[in-house]
Visitor: 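Shown below is the structure under consideration.
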Amino acid sequence: MNLAADSPLSSSSDDFAAILDAELASTSSEESPDLAEDIFDAAAAAAADDLEQDRFKRRRVGEPEAIVESKQSLPETKEKDALKASVSNKMCPHPGMFGGMCMACGQVIDDDSGIAFGYIHKHLRLGSEEIARLRVKDSKILLRERKLRLILDLDHTLLNSTRLIDVSSREEYLKQGDLSVGLHKLERMHMLTKLRPFVHTFLKEASELFEMYVYTMAENSYALEIAKLLDPERVYFGGSRVISQADCTQKHQKGLDVVLGAENAMVILDDTEMVWQKHKENLIPMDRYHYFASSFHQFGLIGPSLSELKQDESESDGALATVLKVLKKVHQMFFDSEQSTDIASRDVRLVLKAIRGEILKGCKLVFSHVFPTEFPAETHPLWKMAEQMGAVCSAEVDSSVTHVVSLHPGTEKARWAMQEGKFLVHRRWVEAASFLWKRQPEEQYVVTHPSKNQ
């Protein structure tokens, strides 16, 4: 991020923004609150140089020497007052605030206008015009580097965590920790965290194509601790791309308004769609990673957890390996598209829609006893999911139907499917195709007795 370049403000303001830029690049969110004063003092010194240059110019146009000498002999306090008045009279647009002061003119700003970017620096707040300018500028840089932005959720997407007090009797062996399988014991937080298989390879390869952010609804202390596990060398997220609950501008919702980038070049990975109400078109929903028993219970799942079974997701064809292939395809289609020569006018949301629309293309689905009675089927999430993947959905069977989706083999439409040689699949077949971004083998989702399909 460069707060100085392209600024419409005066040269002294440019110097101020440049100093701020340098400070933000070299400090973390743990910096002292006196930093704002140090930056303003440096900016004032730069502005004082401008004032001296003005005096020199007045000499050259013939201003009386006595007046010049008089101004040069002003007490230091009066010179500072003159400086402040000079800066204030420039009608500063206040592009942003740092420590409660305008980062351009140094004036104290009482209101909370703009958006706080506490994850970059706890004192930073930017106005809408400055945010828009930075987004355009930063996006141009990324597009030149052939990179998009990738927003990554933590829990159930890249990892799974549990409190030590919630560890089941069958999980006691986990308390020893095993770094070889990505298991970490966070003593200070009294927690266990299990990294999802393939996560380190995923981050390494994704970082070559994307600038990555962590975005979690968890508290900042937890987010930073987990970021250290995922990125100990601060290669992937740096020191200022970890966004947590306190940074959200709307309660219980995540938003791209706190990310300094254009929405048409951002992809989101998250297991929870409902927190992205305004940005669903940017989202790739992730199959939830449930490793610990507490995670299973939290979401009402039945049966032993992966940890209790001493098993884990596959490295080679698990969720992260699968989604990495999708991300690579998204990147390729975005930058190699022949639809427009202007890369900035392309939209990653259209790319995602196009890829998704090919998954079940050519399939015609009929649902049988999947939705509640009297429920308008076409509004059900599963129906919409199938349509988004390119399938045609129908309420009645006919010769063009390719699949009957049911929970029970004894329904009228299920029996018709078997008689007519159509695919009879469980609803999980549709859900698996959605999460894995690929049509799944029907024989792996055969409908049997209801108790065997739960």
Side-chain angles (χ1 to χ4, degrees), residues 1-3 24-25 115 117-120 124 126 130-154 157-158 199 202-217 223 227 230-231 234-244 247-249 253-273 275-286 320 323-337 340 342-356 437:
M1 180 181 71
N2 188 343
L3 298 174
L24 292 180
I115 295 177
F117 287 82
Y119 68 93
I120 296 176
L124 183 62
L126 298 174
E130 183 67 2
I131 291 172
R133 185 185 73 82
L134 290 172
R135 281 181 174 152
V136 171
K137 187 176 188 303
D138 208 30
S139 292
K140 287 180 179 179
I141 295 173
L142 280 182
L143 293 177
R144 238 183 0 251
E145 297 175 349
R146 289 179 65 87
K147 279 195 171 186
L148 300 173
R149 277 184 180 79
L150 181 60
I151 315 300
L152 298 167
D153 175 52
L154 289 180
T157 297
L158 299 182
V199 68
F202 170 84
L203 292 173
K204 181 178 183 299
E205 295 192 23
S207 68
E208 297 172 1
L209 307 175
F210 298 84
E211 180 179 86
M212 300 189 296
Y213 288 72
V214 161
Y215 199 149
T216 176
M217 294 294 270
L230 294 169
D231 184 20
R234 301 174 79 177
V235 174
Y236 305 132
F237 312 120
S240 60
R241 291 202 299 276
V242 178
I243 305 171
S244 59
D247 301 303
C248 298
T249 57
Q253 284 290 305
K254 296 179 180 181
L256 296 179
D257 53 345
V258 295
V259 183
L260 292 176
E263 292 182 14
N264 69 312
M266 290 194 205
V267 181
I268 303 165
L269 294 189
D270 202 316
D271 68 285
T272 308
E273 182 177 347
V275 298
W276 292 102
Q277 290 296 323
K278 295 182 179 179
H279 308 287
K280 289 184 179 180
E281 294 180 335
N282 297 79
L283 176 67
I284 296 180
M286 291 290 293
L320 289 179
V323 81
L324 180 61
K325 296 175 184 176
V326 176
L327 291 173
K328 288 181 177 180
K329 188 172 183 179
V330 169
H331 184 275
Q332 180 183 13
M333 289 180 64
F334 184 92
F335 285 102
D336 296 342
S337 172
S340 172
D342 181 13
I343 292 181
S345 68
R346 300 177 190 174
D347 198 324
V348 74
R349 292 166 290 198
L350 298 179
V351 175
L352 286 171
K353 185 177 180 179
I355 296 174
R356 195 163 183 77
W437 287 66

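As the structure is a computational prediction, the values presented were derived from the model and not from experiment.
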Visitor: R135 side chain to V259 main-chain N or O, any donor-acceptor pair under 3.5 Å?
Guide: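 Yes, because the side chain of R135 sits within donor-acceptor range (under 3.5 Å) of the backbone of V259.
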
Visitor: May I ask you to test the L324-K328 pair for a side-chain heavy-atom distance under 4.5 Å?
Guide: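 Sidechains of K328 and L324: in contact.
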
Visitor: Can you check whether L158 reaches L320 side chain to side chain, under 4.5 Å on heavy atoms?
Guide: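 They are in contact (side-chain heavy atoms under 4.5 Å apart), so the answer is yes.
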
Visitor: Pick out which of L152, L150, L256, I284 makes a side-chain contact (heavy atoms from CB on, under 4.5 Å) with I268.
Guide: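 So, applying the side-chain contact (heavy atoms from CB on, under 4.5 Å) to I268 and each of L152, L150, L256, I284, only L256 qualifies.
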
Visitor: Tell me, with the steps shown, if R149 and D138 meet salt bridge (charged side-chain N to carboxylate O under 4.0 Å, His left out).
Guide: CA-CA 11 Å; R149 277 184 180 79; D138 208 30; 2.6 Å; yes

Visitor: Would you check if there is a donor-acceptor pair between the side chains of W276 and D270 at a distance under 3.5 Å?
Guide: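 Yes - a donor-acceptor pair under 3.5 Å links their side chains.
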
Visitor: Within a strict 4.5 Å, meaning less than it, do heavy atoms of the I243 and F117 side chains meet?
Guide: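 They are not in contact (no side-chain heavy atoms under 4.5 Å apart), so the answer is no.
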
Visitor: Considering only heavy atoms from C-beta outward, does the side chain of Y215 approach that of V258 to under 4.5 Å?
Guide: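 In short, these two side chains touch, coming nearer than 4.5 Å.
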
Visitor: Can you tell me if NZ on K204 sees more than 12 non-hydrogen neighbours from other groups inside 6.0 Å?
Guide: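 No, not enclosed.
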
Visitor: Checking D153 side chain against L269 main chain: does a donor-acceptor pair fall under 3.5 Å?
Guide: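 No; judged by distance alone, with no hydrogens or angles, the pair does not exist.
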
Visitor: How many angstroms lie between atom NE2 of H331 and atom CZ of F210, to the nearest 0.5 angstrom?
Guide: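 If I round to the nearest 0.5 Å, the distance is 6.5 Å.
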
Visitor: Check step by step if side-chain contact (heavy atoms from CB on, under 4.5 Å) holds for E130 and L134.
Guide: CA-CA 6 Å; E130 183 67 2; L134 290 172; 4.0 Å; yes

Visitor: Between H279 (side chain) and G255 (backbone), is there a donor-acceptor pair under 3.5 Å?
Guide: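 Checking the backbone N and O of G255 against the side chain of H279, no donor-acceptor pair under 3.5 Å is found.
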
Visitor: To the nearest 0.5 Å, tell me how far M217 CE sits from K254 NZ.
Guide: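 Answer for the CE-NZ pair, M217 versus K254, is 7.0 Å.
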
Visitor: Using a 3.5 Å distance criterion without hydrogens, assess whether the side chain of R146 forms a donor-acceptor pair with backbone atoms of L209.
Guide: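 Pair absent, no side-chain N/O of R146 close to backbone of L209.
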
Visitor: With a 4.5 Å heavy-atom cut-off, do R241 and V214 have their side chains touching?
Guide: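 In short, these two side chains do not touch, never coming nearer than 4.5 Å.
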
Visitor: For a 4.5 angstrom cut-off between non-hydrogen side-chain atoms, does N282 reach V267?
Guide: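 Heavy-atom side-chain distance check fails, nothing below 4.5 Å.
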
Visitor: If the threshold is 4.0 Å, N to carboxylate O, is there a salt bridge linking E263 and R349?
Guide: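 A salt bridge is present here (some side-chain N lies under 4.0 Å from a carboxylate O).
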
Visitor: Working to the nearest 0.5 Å, report the span between OG of S240 and OH of Y213.
Guide: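 So the gap between those two atoms works out to 7.5 Å.
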
Visitor: Return yes if some donor-acceptor pair links the side-chain N/O of T157 with the main-chain N/O of D271 below 3.5 Å, else return no.
Guide: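 Yes.
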
Visitor: Under 3.5 Å, side chain of N264 to main-chain N/O of R346, donor-acceptor pair present?
Guide: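 Pair found, side chain donor or acceptor close to backbone of R346.
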
Visitor: As an exercise, state the distance from CD of E211 to CD1 of I141, rounded to the nearest 0.5 Å.
Guide: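 Result: 9.5 Å between the selected atoms.
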
Visitor: Does some side-chain heavy atom of F334 sit less than 4.5 Å from a side-chain heavy atom of L148?
Guide: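 Answer yes - side chains close enough.
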
